[in-house]
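Okay, structure first, notes after.
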There are 2 protein chains.
Amino acid sequence: MAAFSDERIARILKSRGLKVTPQRLAVAQAFTKLNHPTAEEIFRFLEKEHPYIGLATIYRTLKLFIKTGLVKELSFPNIGTRYDINLEPHINVVCVKCGAIEDVENEEINKIMRRFANDGYEIVGCRFEVSIYCDDCKARRLKRSRRR
Amino acid sequence: MAAFSDERIARILKSRGLKVTPQRLAVAQAFTKLNHPTAEEIFRFLEKEHPYIGLATIYRTLKLFIKTGLVKELSFPNIGTRYDINLEPHINVVCVKCGAIEDVENEEINKIMRRFANDGYEIVGCRFEVSIYCDDCKARRLKRSRRR
DNA sequence: GTTGCTGCAAATAATTTGCACTCTC
DNA sequence: GAGAGTGCAAATTATTTGCAGCAAC
């Protein structure tokens, strides 16, 4: 998984005149361990080592990271809002049941983005996603239907 | 724009043992006039001719339509949750400023979906999206920056 | 006639904001 | 030391739910 080093985050924040705080570094570090987490997941993850961080700060920091171009926000029905540090165009394979997300590289996606850029669009971001039932949830569903 | 005839909606609802109500037909009809609307937009649109419909019913009907496979739900940061009647794989070109959404057909997308199907995924849905500033918002932004 | 459907209002969930205090620069 | 950043609690927004009455089949 891609990761944020404290040095990199500090450099980026400073270069924008923003302050480097333990909270901001902690949120960045959370992405090293968590996969497409929700704000709540980051909060619970950081509670252990940084019990002082408030949920509001997590939200504020995430908004800041989005504006700074460090993460991107993915809103979903049912499984909430997730944050992604993979900014390269890629496909999110999302299990609609459990919310597990897997990143898949894809050459077609790159082709599409190149075409849009050539067409003169002012591109701000992109999101490509295929919703599925993951193997685990498929198995669980099968078991449940047998039980009836 | 694709549309829902009363007959088609009635047929689908009946075939699933669901009741055909004026509210459900009205929500379906709203999609004939509105482009990727929010629940609120549908509500305000229907107020004129169907002042009796409650917002809760709009939400319930939309959830029902999603389950029935008539529409799909697209959650966005900033511009809220939109509902789309175009279920074919396509690209949503979304203005991050004003929320205008344009559908674009794309052959690469079809290729991607075929590949996933061949790979044995149990596909539930998909979503492909390029975020941009639309021409109107670009122009407005330019004017504002000149004003400074 | 029986249920499912609806409207309304209240409940819930997710996110944002105001404010006093704290820490980075 | 100044001002940005934070924690907490309250506010806001979007959506869901309980319940009594109404309407589709």
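Each chain gets a letter, A, B and so on, in the order the sequences are listed, and its residues count up from 1.
Between I53(A) atom CD1 and dC23(C) atom P the separation is 14 Å, expressed in whole Å. Atom CG in L55(A) sits about 14 Å away from atom P in dT6(D), given to the nearest Å. Protein atom CG of L25(B) is 10 Å distant from nucleotide atom P of dA24(D), rounded to whole Å. With rounding to whole Å, I58(B) atom CD1 is found 14 Å from dC5(C) atom C1'. In this structure, Y83(A) atom OH and dA14(C) atom C1' are separated by 10 Å, rounded to whole Å. Atoms OH (Y52(A)) and C1' (dG5(D)) sit 13 Å apart, rounded to a whole Å. L18(A) places its CG atom 11 Å from the P atom of dA4(D), with the value rounded to the nearest Å. Whole-Å rounding puts the F43(B) CZ to dT13(D) P distance at 16 Å.
Across the interface with DNA chain D, nearest-nucleotide mapping of K14(B) and E73(B) shows E73(B) to be the residue nearer the 5′ end. Mapping G17(B) and A56(B) onto DNA chain C by nearest heavy atom places G17(B) closer to the 5' end of the strand.
Across all strands shown, P22(B) has heavy atoms under 4.0 Å from sugar-phosphate atoms exclusively, and none from any base. Backbone-only engagement by R24(A) is indicated by non-hydrogen atom pairs under 4.0 Å involving sugar-phosphate atoms exclusively.
The phosphate of dT3(C) has neither OP1 nor OP2 within less than 4.0 Å of any side-chain N or O from K19(B). Taking side-chain N and O atoms only, Y59(A) has no distance below 4.0 Å to OP1 or OP2 of dT16(C). In this model, the phosphate group of dG7(C) is approached by a side-chain N or O of Q23(B) to a distance below 4.0 Å at OP1 or OP2. Between T81(A) and dA14(C), a side-chain N or O to OP1/OP2 separation shorter than 4.0 Å is absent. Residue T21(B) places at least one side-chain N or O under 4.0 Å from the OP1 or OP2 atom of dT6(C).
Sorted by first and then second residue, the salt bridge (charged side-chain N to carboxylate O under 4.0 Å, His left out) pairs with a member in residues 7-24 of chain A form an empty list; sequence neighbours excluded.
A donor N or O paired with an acceptor N or O is found under 3.5 Å between the base of dG7(D) and the side-chain atoms of R60(A).
Here dG7(C) is the nucleotide among dT16(C), dG7(C), dG5(D) with the atom lying nearest to any side-chain atom of T57(B).
Between the side chains of D6(B) and Q29(B), a donor-acceptor pair is found at a separation under 3.5 Å. H36(B) and D103(B) share a side-chain donor-acceptor pair at under 3.5 Å. Residues H90(A) and D84(A) have side chains that bring a donor and an acceptor to within less than 3.5 angstrom of each other.
Using the six-membered ring where Trp is involved, F4(A) and F65(A) have ring planes that are perpendicular, over 60° apart on the 30 and 60° scheme.
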